[in-house]
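Each chain gets a letter, A, B and so on, in the order the sequences are listed, and its residues count up from 1.
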2 protein chains.
Amino acid sequence: MTQSSQKINMADVARAAGVSMATASRALNNDYGVSEATRRRVLAVAEELSYVVSPEASRLAGGDTGRVAVVVPHISRWFFAALLEGLESVLRAADLDVLLYHVDGIEDRHDFFHRLPARRKVDAVVVLAFPVGEEEQRRLELMGVTVIAAGGQHAPYPNVSIDDETAGRQAMDHLLFLGHRRIAMIAAVDPDQPDEVQPSGRSNAYYAALRDAGVPIDERLVVTVDWGGAQGADAMAKLLSQPEPPTAVYAHSDEVALGAIRTLRRAGLRIPEDMSVIGIDDHPVAELSDLTTVRQPVREQGELAGRMLLSILGGEDTDHDVLVPTQLVIRGSTAPPRA
Amino acid sequence: MTQSSQKINMADVARAAGVSMATASRALNNDYGVSEATRRRVLAVAEELSYVVSPEASRLAGGDTGRVAVVVPHISRWFFAALLEGLESVLRAADLDVLLYHVDGIEDRHDFFHRLPARRKVDAVVVLAFPVGEEEQRRLELMGVTVIAAGGQHAPYPNVSIDDETAGRQAMDHLLFLGHRRIAMIAAVDPDQPDEVQPSGRSNAYYAALRDAGVPIDERLVVTVDWGGAQGADAMAKLLSQPEPPTAVYAHSDEVALGAIRTLRRAGLRIPEDMSVIGIDDHPVAELSDLTTVRQPVREQGELAGRMLLSILGGEDTDHDVLVPTQLVIRGSTAPPRA
DNA sequence: TTCGGCAACGGAAACGCTTCCGAAACCTGC
DNA sequence: GCAGGTTTCGGAAGCGTTTCCGTTGCCGAA
């Protein structure tokens, strides 16, 4: 049994290597002031004894925790998961551990900011894709650590995200360019977020695009639903029940768009002949469903946020806000309206 | 500024409450041997001073770390994310912190088991949905902590998962019941996993079901691809290029099935009239795509694993293996073959 | 009144490291 | 050969808790 290895500490290693603990510590941490020969010897002994420093003791004595808290409102939705994946990869590459905090729903969220379970446990916190309210900011401040954000909007912290309004414009302009004039919008809101802080760039884009195109706005063509495919399906039904349905639908996300498509299919309508549909995100299934969309690089945003954090932690200056570009991806769900 | 709160330690609290550190510690930890009045006083002072114990110091002196490592091969795939979500929710409810380790690809995986970055940092590790090789088991043992698994197969650890073979049988039996005889299988393997440890329950089900139904096996109807929608699409194309294509397709997962459907649509074939398609998992988009599938409760598996871990950590006995039931969900992608 | 027992509490020794500071050993150029 | 500088290294003081023992004070029983 290697059970005994549990009890080995730095003193043992130092003794076995014939050096003091001070030197052993420096060697193990690749610190300055140890000859190459000594370092190698210490490292060899450590390896031999299968020794690893106790993070607890190390942190108690030394400085930072080597951990960062990541706060996410959802895990199993692709967007959030992809963001997390990108972030985790760069943080772990930098030997930072990721503490995952899923704030599931408004109550859980309140609890998180109130109890601050990550307090004293991390060097930084990354807020993933949700807007932080003012009171919540004040709570976060109590932690006294660096905070950055990714994937969200209007964050008061250093932030990487896309420009939602631009993305929305790319989608709308595509539909307009194809000749559509009766364009509906299925706006999606996250029921888990307080209303006041909901970003609205994707909605703004709708109105701005129509205005710029000189198309009058018909509020009956705007449906707001909770985020999700099923809700998108319902919204589409609502749109189809109107006396003068749209010829195209702009959905705030691909999932919502897919829901809309299901309704259209069930109604016997063909896509894109009878109705054009466009989403945002470029969710993996968008490609499988031949859905035209606006792509945003999600994993990259996570990675970028990770690098941003690393450099802030390293004391470097960085851009406060990084905007990553989005891009129209034309597939088979959009076409000019029937003449 | 509450900056000063950073420096407060238990000694300060003890002093302010007029007790010794020993008592303060006991009060803060709800330990035995403190009068109710004293405890309340200490708690009040702590709250007042906005004090929280230093986890590092606490762990150094005391026992466990209050953390558990979760190892996942993928994050942005729905199945893994949902599993993680369930697990995280119960662990965090039990005040355990979740350390996330994404082993991305075979190299990263090797590195993880070799360096054991979670060593000495956690009380337990949860292996999420991937088979652990023998050498890897040996490495894990070095950590000297509890290990459990979820969502995977044949784990040598306490485990919660579905019975893949049963799930596969449910899918196959449905197709057979509908009258299909030429049934193809699109088998999916994870390119990130070593071949030897790939579970094959879903494949076994295919052969067993056909055998039991007295249908001769045609190996040309079996296509094995890497996991993923695009690969499913390719596989379907391969199947369609045969002189005598199948009348139904059994895909190892919904994503793969969706890929197959895209190919079928592009080929102008109707589903289910010209071809039945069935998947496994009940991915959220399966509903949106009207895909018949075999549902497995994913989040629940994560939660179950969490509870299992909790009771093991609590010293209780638990079932070593928990199998959660799967269920056929009939939607619009399957029908009897054309006469 | 005395004494055993118990609840409440305090002193102080770990826990395993990092790092300040000083000492020793080595090198350089003259 | 030596002053002065540069490395390399060791001693030891923390870091902020938990917990083992002991002590004190109080109560009821003898």
Side-chain angles (χ1 to χ4, degrees), chain A residues 4-43 45-46 49-67 95 97 119-123 143-144, chain B residues 4-43 45-46 49-67 95 97 119-123 143-144:
Chain A
S4 54
S5 68
Q6 295 293 9
K7 295 300 198 173
I8 291 186
N9 59 26
M10 192 180 280
D12 297 323
V13 175
R15 198 174 319 119
V19 298
S20 72
M21 277 195 57
T23 302
S25 173
R26 282 186 282 252
L28 261 354
N29 292 310
N30 262 306
D31 254 1
Y32 186 74
V34 189
S35 71
E36 197 46 38
T38 307
R39 177 192 317 284
R40 246 197 277 282
R41 187 150 35 89
V42 173
L43 257 28
V45 170
L49 268 45
S50 178
Y51 165 81
V52 278
V53 301
S54 154
E56 319 296 351
S58 171
R59 266 69 214 230
L60 216 210
D64 48 11
T65 68
R67 278 174 238 132
D95 251 313
D97 283 316
R119 195 146 165 221
R120 265 180 177 240
K121 295 181 186 169
V122 295
D123 298 331
M143 291 184 60
Chain B
S4 54
S5 68
Q6 296 292 9
K7 295 299 197 173
I8 290 187
N9 59 27
M10 194 181 281
D12 298 322
V13 175
R15 199 175 319 117
V19 297
S20 73
M21 277 196 56
T23 302
S25 173
R26 281 186 282 251
L28 261 353
N29 292 311
N30 262 304
D31 255 0
Y32 186 74
V34 190
S35 72
E36 199 45 39
T38 308
R39 177 192 316 284
R40 245 197 277 281
R41 187 152 35 90
V42 173
L43 257 28
V45 169
L49 267 45
S50 176
Y51 165 81
V52 277
V53 301
S54 155
E56 321 296 350
S58 171
R59 266 70 213 228
L60 215 211
D64 48 12
T65 68
R67 278 174 236 132
D95 252 312
D97 283 315
R119 196 146 165 223
R120 264 178 172 232
K121 296 180 186 169
V122 296
D123 299 330
M143 291 183 60

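By the side chain to side chain donor-acceptor pair (under 3.5 Å) test, B:T65 pairs with B:D123, sequence neighbours left out. Partners of A:R67 according to the side chain to side chain donor-acceptor pair (under 3.5 Å) rule, which considers only residues two or more places apart in sequence or in another chain, are B:E56. By the side chain to side chain contact (heavy atoms under 4.5 Å, CB included) test, A:V53 pairs with A:M10, A:L28, A:Y51, sequence neighbours left out. Legend: residues meeting side chain to side chain donor-acceptor pair (under 3.5 Å) with A:T38, ordered by chain and number and at least two apart, are A:S35. Residues that satisfy the salt bridge (charged side-chain N to carboxylate O under 4.0 Å, His left out) test with A:R41, not counting sequence neighbours, are absent from this structure. Residues that satisfy the side chain to side chain contact (heavy atoms under 4.5 Å, CB included) test with B:V52, not counting sequence neighbours, are A:R119, A:R120.
Side-chain proximity of B:V19 to the nucleotides C:dG10, C:dA8, C:dT18 is greatest for C:dG10. Distances were taken from every side-chain heavy atom of B:S20 (C-beta onward) to each of C:dG16, C:dG11, D:dG16; the shortest belongs to C:dG11.
Here the P atom of nucleotide C:dA8 and the OH atom of B:Y32 are 6 Å apart, to the nearest Å. One atom, CG of B:D64, and another, P of D:dT18, lie 11 Å apart when rounded to the nearest Å. Distance B:E36 CD to C:dA7 C1': 14 Å, rounded to the nearest Å. Distance B:E56 CD to D:dT18 P: 13 Å, rounded to the nearest Å. Computed from coordinates, the A:I8 CD1 to C:dG16 P distance equals 12 Å when rounded to whole Å. Following rounding to the nearest Å, A:L60 (CG) and C:dC15 (P) show an atom-to-atom distance of 14 Å. Distance, A:R15 CZ to D:dG11 P: 13 Å, rounded to whole Å. The nearest whole Å value for the distance from the CG atom in B:D12 to the C1' atom in D:dC15 is 14 Å.
Distance check: B:M143 CE to B:K121 NZ gives 9.0 Å after rounding to the nearest 0.5 Å. In this structure, the separation between OG on B:S58 and CG on A:L60 is 10.0 Å, given to the nearest 0.5 Å.
Applying the side chain to side chain donor-acceptor pair (under 3.5 Å) test to residues at least two apart or on different chains, the pairs with a partner in residues 8-24 of chain B are B:D12-B:R15, B:S20-B:T23. Residue pairs meeting the salt bridge (charged side-chain N to carboxylate O under 4.0 Å, His left out) criterion with at least one partner in residues 17-35 of chain B, sequence neighbours excluded, are absent.
Using a 4.0 Å cut-off, no side-chain N or O of A:R39 falls inside it from OP1 or OP2 of D:dC9. Distances shorter than 4.0 Å separate some side-chain N or O of B:Y51 from OP1 or OP2 on D:dT17. Residue B:S54 places none of its side-chain N or O atoms closer than 4.0 Å to OP1 or OP2 of D:dC15. In this model, the phosphate group of C:dC17 is approached by a side-chain N or O of B:R120 to a distance below 4.0 Å at OP1 or OP2.
Residue whose closest nucleotide on DNA chain D sits further toward the 5' end, between A:S35 and A:M21: A:S35. Taking for each of B:G18 and A:M10 the nucleotide of DNA chain C with the nearest heavy atom, the 5'-most of the two is the partner of B:G18.
For DNA chain C, the residues of residues 22-31 of chain B within the heavy-atom distance limit of 4.0 Å (strictly under) are B:A22, B:T23, B:R26, sorted by number.
Rounded to 10 degrees, the angle between the two end axes of the helix from C:dT1-D:dA30 to C:dC30-D:dG1 is 30°, with five pairs used at each end.
When all heavy atoms of A:V45 and A:A16 are compared, the closest pair comes out as CG1-CB, 3.6 Å.
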How does protein reach along nucleotides 22-28 of chain D, written 5' to 3' as B (base within reach of a heavy atom under 4.0 Å), S (only sugar-phosphate), or - (no contact)? -------
